[in-house]
Amino acid sequence: MNEEIKVITDRENTYSKKWNEEEDSVLPFSIADMEFLSPNSVVNDIVKRAEHGIYGYTIKSSGYFESIINWNYERNNWEIKEEDICHSPGIVTALNLIIQTYTKKGEGIVIQTPVYYPFINSIKNNDRKVIYNELIRVNEDYKIDYEDLENKLKDEKVKLFFFCSPHNPIGKVWSKEDIVKIGKLCKEHNVIVISDEVHSDILLNGHKHYCMASISKEFSENTITCISPSKTFNLAGLQTSAIIIPNENLRAQYQKTLESLSLNKVTPFGLVGLESAYRNGDKWLAELNKKLEKNVTFMKEYIDENIPHLNLSIPEGTYLAWIDCKSLNLSDEGLENFMVKKAKINVRHGYVFGPGGSGFIRFNFACSIEMIKEGLERIKNAINNN
Ligand SMILES: Cc1ncc(COP(=O)(O)O)c(C=O)c1O
């Protein structure tokens, strides 16, 4: 089978959110989807299903469960049982459902900023309290402030810990040591871990991912894990995620919320896409990760040679580069205006990721090298003409 990663440069008439956020002259490196076609096998299976012509109510197939179980066992040595697999259209939907299920208004949820901004929005939108455990930047890397984390977890009003693993936007693949430390602290203080592992397949330069729930029975009983083929295989629009809840009591509560909103439904294409991707996608994924390594190496070299005002440390996972732009000496608004109005590129602006994000941009490098080069050239020229 041909596992080549095919770049697509024309998304016209697909109503891509990424390509319609700004005016046409602005090149988008913003939303986390890729300018690559999904694997051939996935496209073929979806086309085959589309050709049937009836798209009625759909139930999960045995192949759907098997593909999730096998993928996670083979890649991460994580044993999932069929009954542990719950549904959600998207992971952000699941985060909101989780907040509503396990917490009351005014109670707290700990997050580690800078972090994927819907973590912050989902907590605020549900009138819960955002408790910040800001990551500490050390020599272009990040560390967890464990003393602060423990102090925050100790608070009786804190009920959940949102763990971003691997971490968006900083691109860190957490070590087993960090995962064990966090898992133990949460257990000790009766805080449920919500482990968002949506980026866990995208691992660069040999980095290894550990699933929080795979570490021990004690951890799996205290962890809700969010996974999906959406990032890995560019299937976000299919709205099909899996929420793994081994703890029977927690699972029953989640299912009740899901059913109360009638969200416990798979779509015909989501079902086929997920199964096909997890069943046949491993070789394609290996090629994807190699392509992403090349892209980010190119970015690093280009920036180091041509744009000394920016500083990029190569991410360990994800296809998102977290670039330090503090040398430009711009305010949040100033940096945003500079990128969109002067450089004519759209990125995710650091301040939206919460405390610690100001002065950075998040640049999505899942596209052609030519597009990356064009984006970086635009930044370089905008700085030179400033
Ligand atoms: C950490 C993280 N969680 C969740 C999502 C998206 O989840 P969904 O589109 O399934 O709601 C993203 C997308 O970028 C993400 O980075």
Side-chain angles (χ1 to χ4, degrees), residues 16-18 21 28-36 38 68 85-100 109-123 125-126 135 142 160-174 193-204 209 211-212 223-244 258 261 263 265-267 269-270 273-274 277-278 292 315-322 346-350 352-354 357 360-367:
S16 154
K17 189 168 179 200
K18 189 192 206 174
E21 269 193 333
F29 301 93
S30 47
I31 288 180
D33 66 22
M34 307 193 278
E35 305 307 313
F36 305 142
S38 291
I68 294 176
I85 303 173
C86 304
H87 185 63
S88 178
I91 288 178
V92 176
T93 311
L95 296 178
N96 282 277
L97 296 174
I98 284 166
I99 293 170
Q100 290 165 19
I109 295 145
V110 177
I111 58 168
Q112 297 180 303
T113 60
V115 77
Y116 180 54
Y117 49 93
F119 280 22
I120 304 172
N121 299 345
S122 59
I123 300 169
N125 288 341
N126 284 290
L135 295 165
Y142 283 90
L160 303 176
F161 173 72
F162 277 3
F163 186 36
C164 198
S165 175
H167 194 102
N168 168 9
I170 65 170
K172 194 161 179 79
V173 178
W174 297 109
V193 178
I194 312 305
S195 195
D196 180 342
E197 302 188 12
V198 74
H199 291 282
S200 59
D201 296 319
I202 300 175
L203 301 170
L204 309 179
H209 170 74
C211 303
M212 172 69 82
T223 303
I224 294 178
T225 310
C226 305
I227 53 172
S228 171
S230 57
K231 297 286 135 191
T232 317
F233 298 102
N234 219 11
L235 304 174
L238 295 187
Q239 287 288 287
T240 304
S241 312
I243 311 302
I244 316 300
L258 194 68
L261 295 164
L263 283 171
K265 290 177 182 145
V266 276
T267 67
F269 300 123
L274 178 144
Y278 281 156
L292 294 172
E316 299 170 350
T318 81
Y319 48 75
L320 307 164
W322 186 235
N346 193 20
V347 289
R348 277 289 171 260
H349 301 284
V352 304
F353 297 89
F360 287 80
I361 57 168
R362 191 197 74 177
F363 186 110
N364 176 345
F365 59 86
C367 57

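Both ligands and their constituent atoms are indexed starting at 1 by order of listing.
From I243, atom CD1 reaches atom CD1 of I98 across 6.0 Å, with rounding to the nearest 0.5 Å.
Residues passing the side chain to side chain donor-acceptor pair (under 3.5 Å) test with N234: none are found, sequence neighbours excluded. Shown here are the side chain to side chain donor-acceptor pair (under 3.5 Å) partners of K265, two or more places apart in sequence or in another chain: S262.
Between K231 and D201 no salt bridge is recorded (no basic side-chain N to carboxylate O distance below 4.0 Å).
Between Y319 and H199, the two ring planes are perpendicular [angle over 60°; tilted spans 30° to 60°].
Listed by first and then second residue, the side chain to side chain donor-acceptor pair (under 3.5 Å) pairs involving residues 113-122 are Y117-R348 (not counting sequence neighbours).
Within 4.0 Å of ligand 1, the residues that place a heavy atom are A32, G90, I91, V92, Y116, C164, N168, D196, V198, H199, K231, listed by chain and number.
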